[in-house]
Amino acid sequence: MSLTPDIAARIEQAVDEAFDAQLAFTQELVRHPSLRTQESSAQDLLYRAMAERGLAMDRWELDPEAIAAHPGAGRIKVSYEGVENVVGTYAPAAEEGRSLILNGHVDVVPEGPVEAWSRSPWDAPIIDGWLYGRGSGDMKAGLAANLFAYDAVLRAGFAPAGRIHFQSVAEEECTGNGALATIQRGYTADAVLIPEPEEDMLVRANVGVIWFDVRVAGHPTHPREMSAGFNAIDAAHHVMGRLRELEERWNEQRKEHPYFEDLDHPINFNLGGITGGDWPSSVPAWCELQVRAAIYPGMSADEAWEQIQDVLRSTTTDDAGHPIEAVGERTGFYAEGYVLPEGTDAENALRRAHRAVFEEELRTFTTPGYLDGRVYALYQGIPALVYGPVSEAIHGYDERVDIESVRRITKSIALFIAEWCGLTEAS
Ligand SMILES: [Zn+2]
């Protein structure tokens, strides 16, 4: 059965009817602080929500050894004890339509200094059309939208004709190993949709990301003979300056990379943390930098890492000739970027769904951040549609998601399910 305007209207209305419940569920999800390695209570909630819908449930702990064997694995520096993925599968009575993965990540980034927030990051109030809280936009609204979009198809009196895997994965914000573990477990489909907060747009291209530490050595002395010592924190500033030169070289190459030509500064090296020295009265003997670097699609992680290490190896003195030793070590993401090919059937189906709901053309853009879409695009060769609601201040203070945008995105996902998987009359 094809998606007629009448059926589309019934499905959209079904989203409206359950929208209060959808927001309440999203709020409940935000109230679980699913920081890295602390995702289990949020996963419990998602597990129950999927099981109540009659999905075939699968929940497993991430296996560090198995994941580490994958070329796209991020370096694992934490225990995966209790770190789990949840997948619920809908299987139609007769599988006649195309299959789909509806993915989302349950982990959220640290809230930072709580006093900088207007209210607790783990409250989830709705104020003036925005739902607040850490993870509200990135991406618990999306996780909820996947489930409620599916509900709307059923509520309208239909059943999807293709298999659907609902995935809630860990580790998206640091390694991408949660999504990798789903493909190692055997999950695949004809397309994947990930409702990350993308401002009602579709991601055309995104960068890869590498995380690494740089350990810089100095020479400890008493501050009274400071000139005889060598300050590792000063040296680390010099090393970061050399890395910034590599960052600029890569940015200058943007004209050679389709979808990146028009961006001002697509490649960002973020100095995300710094530790060093022992106390105020010794010249610091050591300093450690935590760095996140971005790489263009098409550049291998190995090649990028080699260039980064070249910079570190060749930084042997500072400008005054003091010796420097800088050693890099991978700590998390080791991910390559990807480009969503133009004109796939999946994109075209999403374009029609988006147009029906938003009454305008779907826009695409390039994002200079990591996305789990790369796992499916690079290692399964399936169209990865990263498309989701309007948000503000993700990874910042007072993170929030626009609830009318969430409503429209949910309708769009529901119509996409209907068209992509096909519909049968519910029995
Ligand atoms: Zn995200």
Side-chain angles (χ1 to χ4, degrees), residues 26 29-30 32-39 42-43 46 62 72 74 83 85-86 101-112 121-122 124 130-147 166-182 192-211 268 270 272 292 294 332-333 335-338 340 365-378 384-402 405-406 409-410 413:
T26 309
L29 203 46
V30 172
H32 291 265
S34 49
L35 296 158
R36 188 182 194 191
T37 73
Q38 297 165 44
E39 302 91 349
Q43 290 293 53
L46 283 155
L62 304 193
V83 177
N85 281 342
V86 170
I101 292 168
L102 292 172
N103 167 284
H105 65 84
V106 73
D107 56 316
V108 300
V109 298
E111 68 275 33
W122 315 113
W130 296 88
L131 194 162
Y132 283 77
R134 171 60 81 235
S136 55
D138 189 13
M139 60 169 288
K140 289 173 172 176
L143 280 165
N146 284 342
L147 289 170
F166 296 86
Q167 300 182 341
S168 172
V169 301
E171 287 283 293
E172 193 272 348
E173 299 285 7
C174 44
T175 59
N177 288 343
L180 269 179
T182 69
V192 58
L193 187 144
I194 309 177
E196 289 270 17
E198 305 294 2
E199 319 312 308
D200 297 338
M201 293 188 286
L202 173 67
V203 174
R204 173 65 67 205
N206 95 310
V207 293
V209 170
I210 297 179
W211 274 17
N268 292 312
N270 184 50
R292 171 267 195 204
F333 283 124
E336 296 170 2
Y338 75 93
L340 172 70
F365 76 118
T366 297
T367 176
Y370 171 84
L371 292 170
D372 269 346
R374 62 105 193 187
V375 167
Y376 307 91
L378 297 175
L385 307 172
V386 181
Y387 164 78
V390 172
S391 70
E392 286 182 0
I394 60 167
H395 296 217
Y397 306 131
D398 296 339
E399 176 178 346
R400 53 201 174 270
V401 66
D402 178 332
S405 167
V406 172
I409 288 287
T410 307
I413 295 172

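Atoms within each ligand, like the ligands themselves, are counted from 1 in listed order. For the numbers below, each heavy atom of this structure counts, side chains included, while hydrogens, waters and symmetry mates do not.
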- Task: Could you point out which residue of Val375, Leu143, Asp107, Asp372 forms a side chain to side chain contact (heavy atoms under 4.5 Å, CB included) with Val169?
- Result: Asp372

- Heavy-atom closest pair, residues Asn85 and Ala170: OD1-N, 3.1 Å

- Message: Quick check: closest heavy atoms across Ala145 and Ile413, and the distance to 0.1 Å?
- Response: CB-CD1, 4.2 Å

- Where the Zn ion (ligand 1) is the vertex, angle from His105 NE2 to Asp138 OD1 to 10°: 100°

- Does any N, O or S atom of Glu172, backbone or side chain, fall under 2.8 Å from the Zn ion (ligand 1)? no

- Ser34 backbone acceptor or donor facing His32 side chain under 3.5 Å: no

- The atom name of the N, O or S atom in Glu196 nearest to the Zn ion (ligand 1) is OE1

